[in-house]
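To keep things clear, I will list the structure first and then write my remarks on it.
As the structure is a prediction and not an experimental result, all values here were calculated from the model. Every number for a ligand or one of its atoms is a count from 1 in the order of the listing.
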Amino acid sequence: MKHEVPIAPQAVAFVTLGCAKNEVDTAHMRARVQEAGYAVVEDPACADAVVVNTCSFIQAATEESIEAVLEAADLPRVAAGEAALVVAGCMPARYGADLEAELPEARAFVPCAGEEDIVAVLTDAIGPAGGAEGAAQAQVSGAGALEPAVPFAYVKISDGCDRFCSYCTIPYIRGRYHSFPLAAIRAEVATHVAAGMREIVLIAQDTGRWGTDFDEPSTLAELVSALAEEFPTTWFRIMYLQPEGVTDEYLDALAMHANVCNYLDIPLQHVDADILRAMNRTGSRAEFQALIARILTRVPDATLRTTLIAGFPGETDEQFEDMCDFVEEGLFDYVGVFAYSREDGTRAADLPNQVDDDEKADRAQRLRDLADAVCTPRVAARIGREMDVLVEGAEEDGQLYGRAMCQAPEVDGVTYFERGQVGEIVRVKIEDTLLYEMEGA
Ligand code: SF4
């Protein structure tokens, strides 16, 4: 009797650099290749193809991505030509043919806009997946099972950006702003919820603009309300809301739905009107103060995060001091600070009066220290409050940790407590804090 020999599926590993938006892109590529029958493995050393999904929105990110690509190129199977190296994401989108000339180690390049074709690229690079038997075997053996260990997921609601801030490469890398349809977002959320995710973090370069580019325009408030009502036991959190996107309709949607985190992440970047104009942005210190007042009128318990850039070309000592004073007002719970990065191909790179690198680094550090001094007492002021916390996992010593609605994943610290199962939402009384971390029982 003839026995069928199962065909082993070709194995693909992903290495992801950069932000949560890139992680979502990797998850989409991973789902596509799994569907096509490839096994997705965690260890790049065992893979037949290693896909490095790169980030290059600033120089430092590009350098980190190149390092990751060269590291993958040095893997024994890749170096021996037995496995293919594929470079995907922002770096091929930003540098195109120049990158291909610089990285002969790579067998293929997949810019952001081409990620839907990842299966065709892999088929070209390493051949077909290995047949349905192989795919089935991969699922049974668990080789393709890469379930995330945390009970939250990022969902992208749009891509690209039309704002063309003068320092930013994103519109050139990711293209024009385009909202994803409600049905597609809903389906992705449903898949995550069915897989046990308790929190969905909606992300984009500019979440507040969602729906404005549809033939029948819609709004972020409508999207959030629809999702919150359809998935009432799931937390929703919205990141990267530009100041113009903070409409009263949106604030009311936050206030109205208990499962939408009262959390606003509003990148201001600066507070000086002249610097903002040079950034091709709008606003001023007074306008931002008024914005925060309006938010707190409608959502009194809102948690507020922002990001600021220090050392933009032409930033005077006075303008920098003004931004420090604004931070000292203590309007925000969390402040992310970046030193301006001079990026080729952007308008700001050609502006006169570039600030010296050391001075930029000093200003950024001063602003960070100031933000810590102002924000950590706000975290400490939560002592004594009871809050819901999503259980995320346990440290090696068994100590449980998770996040409250006032803590976004990966940026705001975590809460430690004593009881609960991963994926549960438990009630915790905050008893102590250490910088941005909270502890309770
Ligand atoms: S809004 Fe954000 S992504 Fe868009 S251009 Fe400005 S900084 Fe870049």
- prompt: What residues come within 4.0 Å of ligand 1, counting heavy atoms only?
  reply: Cys161, Arg163, Phe164, Cys165, Tyr167, Cys168, Ile170, Pro171, Gln205, Gln242, Arg281
message: Under 3.5 Å, is there a donor on one side chain and an acceptor on the other for Gln242 and Arg281?
response: yes
- prompt: Between Asp248 and Arg294, is there a side-chain N and carboxylate O pair less than 4.0 Å apart?
  reply: yes
task: Compute whether any side-chain donor of one residue and acceptor of the other, for Tyr334 and Asp265, lie under 3.5 angstrom apart.
output: no
task: Decide, yes or no, whether a salt bridge links Arg427 with Asp388 under the criterion of side-chain N to carboxylate O below 4.0 Å.
output: yes
query: Any chance the side chains of Tyr250 and Thr219 put a donor and an acceptor closer than 3.5 Å?
result: no
task: Start with the C-alpha gap between Gln205 and Cys168, add the side-chain angles, then the distance that decides, and say whether side-chain contact (heavy atoms from CB on, under 4.5 Å) holds.
output: CA-CA 11 Å; Gln205 270 81 24; Cys168 181; over 6 Å; no
